[in-house]
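First comes the structure, then the notes that go with it.
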Amino acid sequence: MKLFRIRGGVHPKGRKHLSEDKPIANLPLPELLHVPLQQHIGAPAVAVVKKGDAVKKGQVIAVAQGTISAPVHAPTSGTVNGLGRYTAPHPSGLPGRTITIRTDGRDAWTDDLPAPMEPFTSSPQAIAQRVKDAGIVGMGGATFPSAVKLNLGDRYDLHTLIINGAECEPYLTCDDRLMREHPADVATGVRIMARALEVKRTIIAIEANKPDAIRRMRQAVKDLDGVQVVEVPTRYPMGSEKHLTQTLLGLETPARGLTAEIGAVVHNAATAFAVYEAVVKGRPLISRVVTISGEAVTNPANLRVPIGTPVAQLLEYAGGLKTEPERLLLGGPMMGQPLADLKVPVVKGTNGVLALSGLEAATKSVKASCIRCASCVDACPCGLVPLDMAAAIRKEEMEIATQSGLMDCVGCGSCAYVCPSNIPLVQYFNYAKGRITYLQRAEHKQKETKRLAELRTERMERIAAAKREAMAKRKAEQARKKAEKAAKNQHQEKATV
Amino acid sequence: MISAIVSLALLGLGLGVMLGFAAKYLKVEAGALVQEIEAMLPGSQCGQCGFPGCGPAAEAVANGQAQVTMCPPGGRTLAQALADMLGVSADLSGMEEQAPQVAFINEQLCIGCTKCFKRCPTDALVGANRQIHVVIKDACTGCGKCVDVCPTESILLRDVPVTLETWYWPKPPEPFDEIRLAS
Amino acid sequence: MTTSPPIIGGPFLKQSPSVSHIMLVVMLALTPATLYGLYQFGWPAVYLFFVTVGSALLAETAWLKMAGRPVWPALHDGSALLTGWLLAMTLPPWAPWWIGVLGSLIAIWLGKQVFGGLGQNLFNPAMVARVVLLISFPVHMTAFVVPTPFMDLNAPGPIESLAVTFDYGVGPSIDALSSASVLGHIKTEVGRGAEWTAAFSSTFEMRGFVFGAVPGSLGETSGLLLILGGLLLLGARIITWHIPVSMLAAIAVLAGVMNAVDPLTYPSATVHLLSGATLLGAFFIATDLVTSPVSPLGKIVFGAGCGILVYVIRTWAGYPEGVAFAVLLMNAATPLIDRYIKPRVYGRTRRGEPLVPEEAVK
């Protein structure tokens, strides 16, 4: 198949050899699970259990709120220990709403599990509904509710489903292992999604550094019509939705738009597996495969982890740390987030836990001034000029940064990766994106304040006016009474006279 | 000699006429300017600037009687915007970006006197006589008027807590600061 | 927003080259041509080279000390060393010591630090210095000598050479060895109405330009070694092909056309490409990262502009050589080029409007 070139990109050391030959192992059940209510983009789920409730594996413990949301299920059986705030898997290390479950070790499934569906005869609507009910979100890390993306056929003319098996982040091997160990199940999931989207063509894209996965997936789909496995070049950020689409179809997604606008929908390979589980077995998304890797980890591994398991448990299973890590990360080394705390739970979008040694991680070399070498311009897959954007943000000129394309930035980090001056370009962009939202909120609040203040002033004036009127009325009344009295007195006087 | 005098005189005359026309036709209406400034101010009539409200404050800024940095709730952003609009340079170094604040009522101390919510410019306090009052955080601007009138000192201003929704990445430190810190 | 220790953002992997690494590779690429130049022009050239580079480092240190900025990180990046080096390459090899010192001061202070240091300067510091020197001391800056390699009988020894560089006593007479550079010679002769070929072949051999045995500045004479250095820079991905290729192409095309129009007055493209600072300029000076545009197309425009200006200045202006002027003029245009020539943003047209999908929307 003819592939198309994307602009820029970088070639970081893959270092997948650390864990790519480790079969997926089941992590033993931990004692406590901390299941956050916000594991997806959109509105957080609303808890439907309370402290002390007994829950069974697969039972709904929080329901979706609105369209862009996802329900949360109990990853195992046990009792609800509490509903509270717990450190979220987020760079800030701030707490978020979380349901804590004390596991009972029986791992008993709930009786209310939905019945398995016939995958290839069910209606697209039924499939999308099932995916929604199973709480499936994009498992590549973006965590966008998958059902919403399966419904895009209502609004767009879709022709291609792309399965993203690129896994372009260094170190991560969870999708690789999943495709190698469960090729048939992934393929079934892919077919179900193709059916839900009603597309004729499906492309499973896998980077060239995963030959075994390519071979096994080819084997799994060889008898299927309209499904092909395509080897894409190993180049970061190949796994970016828009760039993968461009590589395969040669079409660019319009700025700020969806790939559906050019007729393609992209889903992750792990999401396909979750869809298979939900539709064919009726099981919700309650566990996922996570790669534990990095030179500081004693035994790198790929683990099937119940959602809500603290990261510390994963590291413990992997034999702990053999050296003091320079960096602890959630996700890949390019777009992952620093780990605030080891008690942070694994969520639906967690694809890796990395402990990088000082030799691997970007060492804290001193930042120098920008020398305008333009490496970042050459590396940017989006055609931006990162050095200009960062310079504008440094001066707080958010408008200029926005005009230079800040919102077109996908945050892949290629620019900062190549920067010889070690300028934290991505952090500048993240800061600016957050700052702009903050300023918009502040402006909105100011408008609202003004409205409230005006309403109040108006009301105060009205009250004052009413008071004056009442006062005047009373005065007039008194005057009248006085006059009457006077008149009466006069009359009596007259009479007496 | 004569030609020099004549040409300079003509030049002066011409420029004078042009200036006159400019003053007449390009005149900025004082009222319009005041209105424009008032639109930029927070509008909570909090009085922290020392003027009775945002309208008088805007007038003072337009007349040059008040600095563009006079508005604490507007902060650095507003001062910069005002300075840009009026074309004046302002010393913003003293204006640290203030974290937004909201009022907080200590329920143990509140006696339900209703003084605070009578003063609140945005109706952000609710309650009734002899009942504990409550702050509506979304409407509170942190102006502090209620703090001044509370007879039991039960109202405090607190920083708006940072949540997962409002947190954003901090700005990277300047390269030279970092070198200084390291050395 | 937070009170916790600073959170460091990703990515957490890093490609190895640092700023010092880049500067180091550029210096490595300059080394063959420099060594050869030092060999060709003997001890005075060696002294001048070290005086220039040394004073560049001192100038940088002095400025940083005065500005109260940390000295080591700035010196460590190697940019001052490289600036001094490049400046020395463009000086007449037997120039007196104070030319080198003054040049370094101008380059580092006026050319770089007043703008705010590395990365902030608008103009190439070495070229700023060269142009100031050329205008202020035209005699010293055009006093070229015939190459007298170390084993040459006419070559001054290390002691005698001190007299040349440090400008005292009776050194070897510079006049005996003095010579015009090829471009200067041709310009003078053509100005007198002679044919350029006659002027050229009476004094020079084409072979000399390739190997560098011609009068000229310290580091600009050996075309072959400069090309070698340029290829090294390209191979190490320090520079891209855009600026050198477009600059050389512009000069070659212009020279070729003019030579075809009037073969007697206008020297051939080969002479233009191999003489003067053309190659040094195309590979090492115009490609200065700080002062050239960032987008590929912008680089082509910049390079072509340099090439055109070099030819125009050499041919029709008062000076026989124009690389320094051309580069400075195009440096001034760099912000403008960067403003108007940007890469196309993904999903947008060149004008910044979102692309319109042809199909798909129901």
Side-chain angles (χ1 to χ4, degrees), chain A residues 7 10 12-13 91-93 154-158 170 242-243 252-257 260-263 327 329 333-338 356 360-363 365-366 368-374 377-378 380-385 387-388 405 408 413 416-418 420-422 424 426-427 430, chain C residues 1-2 4 6-23 70 72-74 76-77 79 116-120 237-240 288-296 298-299 334 338-339 342-349 352-362:
Chain A
R7 189 191 191 284
V10 292
K13 282 205 180 81
S92 67
D154 298 348
R155 276 187 290 149
Y156 301 99
D157 252 333
L158 304 175
K242 292 179 178 180
H243 293 94
E252 273 185 34
T253 311
R256 318 293 313 273
E261 289 173 36
I262 50 171
R327 293 252 188 279
L329 305 177
M334 296 297 285
M335 286 184 76
Q337 306 288 3
L356 306 184
E360 306 162 89
T363 43
S365 47
V366 177
S369 316
C370 172
I371 56 165
R372 292 174 43 84
C373 70
V377 182
D378 295 336
C380 181
C382 298
L384 302 170
V385 184
L387 66 117
D388 281 353
D408 291 314
Y417 172 77
V418 295
S421 297
N422 292 321
V426 177
Q427 195 178 333
N430 285 340
Chain C
M1 287 298 287
T2 54
S4 49
I7 309 161
I8 294 147
F12 302 94
L13 295 182
K14 199 80 196 85
Q15 207 175 36
S16 47
S18 61
V19 172
S20 356
H21 175 93
I22 291 179
M23 300 290 174
W72 175 239
H76 178 76
D77 67 32
S79 63
L118 179 63
Q120 306 293 317
R237 292 168 184 254
I238 305 291
I239 61 171
T240 57
D288 173 34
L289 300 169
V290 176
T291 54
S292 59
V294 294
S295 67
K299 284 177 183 168
T334 295
D338 270 343
R339 174 137 171 70
K342 289 184 177 178
R344 186 179 64 80
V345 175
Y346 180 100
R348 290 183 186 275
T349 61
E353 304 295 326
L355 292 178
V356 180
E358 293 131 34
E359 37 182 337
V361 185
K362 266 185 187 168

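We use all heavy atoms of the structure for the numbers below, so side chains are in, but hydrogens, waters and symmetry mates are not. Computed from a predicted model, the values in this text were never measured in an experiment. Order of the sequence lines fixes the chain letters, A, B, ..., with proteins taken first and strands second; residue numbering starts at 1 for each chain.
Proximity to chain C is limited to the backbone of A:C370, based on heavy atoms less than 4.5 angstrom apart. Proximity to chain A is limited to the side chain of C:I22, based on heavy atoms less than 4.5 angstrom apart. With a threshold of 4.5 angstrom between heavy atoms, A:V418 approaches chain C through its backbone and through its side chain. Contacts between A:P170 and chain C at a heavy-atom distance below 4.5 Å involve the side chain alone, from C-beta outward. No part of A:N430 comes within reach of chain C, as not one of its non-hydrogen atoms sits under 4.5 angstrom from that chain. For C:S20, no part lies near chain A; criterion is any non-hydrogen pair under 4.5 Å. When heavy atoms are compared at a cutoff of 4.5 Å, A:M334 approaches chain C by way of both its backbone and its side chain.
Nearest heavy atoms, A:P338 versus C:F12: CD-CZ, 3.8 Å. Closest approach of C:A74 to C:S79, counting heavy atoms only: O-OG, 4.5 Å. Here the closest non-hydrogen pair linking A:D408 and A:C382 is O-SG, 3.8 Å. Here the closest heavy-atom approach between residue A:P91 and residue A:Q337 is recorded as CG-OE1, 3.6 Å.
Comparing A:P254, A:G93, A:P381 by how many heavy-atom pairs each has under 4.5 Å with chain C, the most go to A:P254. Options C:L289, C:I239, C:T240 differ in how many heavy-atom pairs under 4.5 Å they form with chain A, and the most are formed by C:L289. Among the candidates A:C373, A:P12, A:A255, A:A374, the residue making the largest number of heavy-atom pairs closer than 4.5 Å to chain C is A:A255.
For C:R237 and A:D378, the salt-bridge test fails: no basic side-chain N is under 4.0 Å from an acidic carboxylate O.
The CZ atom of C:R344 sits 8.0 Å away from the OG1 atom of C:T349 when rounded to the nearest 0.5 Å.
Between the A:T253 side chain and the A:K242 main chain, no donor and acceptor come within less than 3.5 Å of each other.
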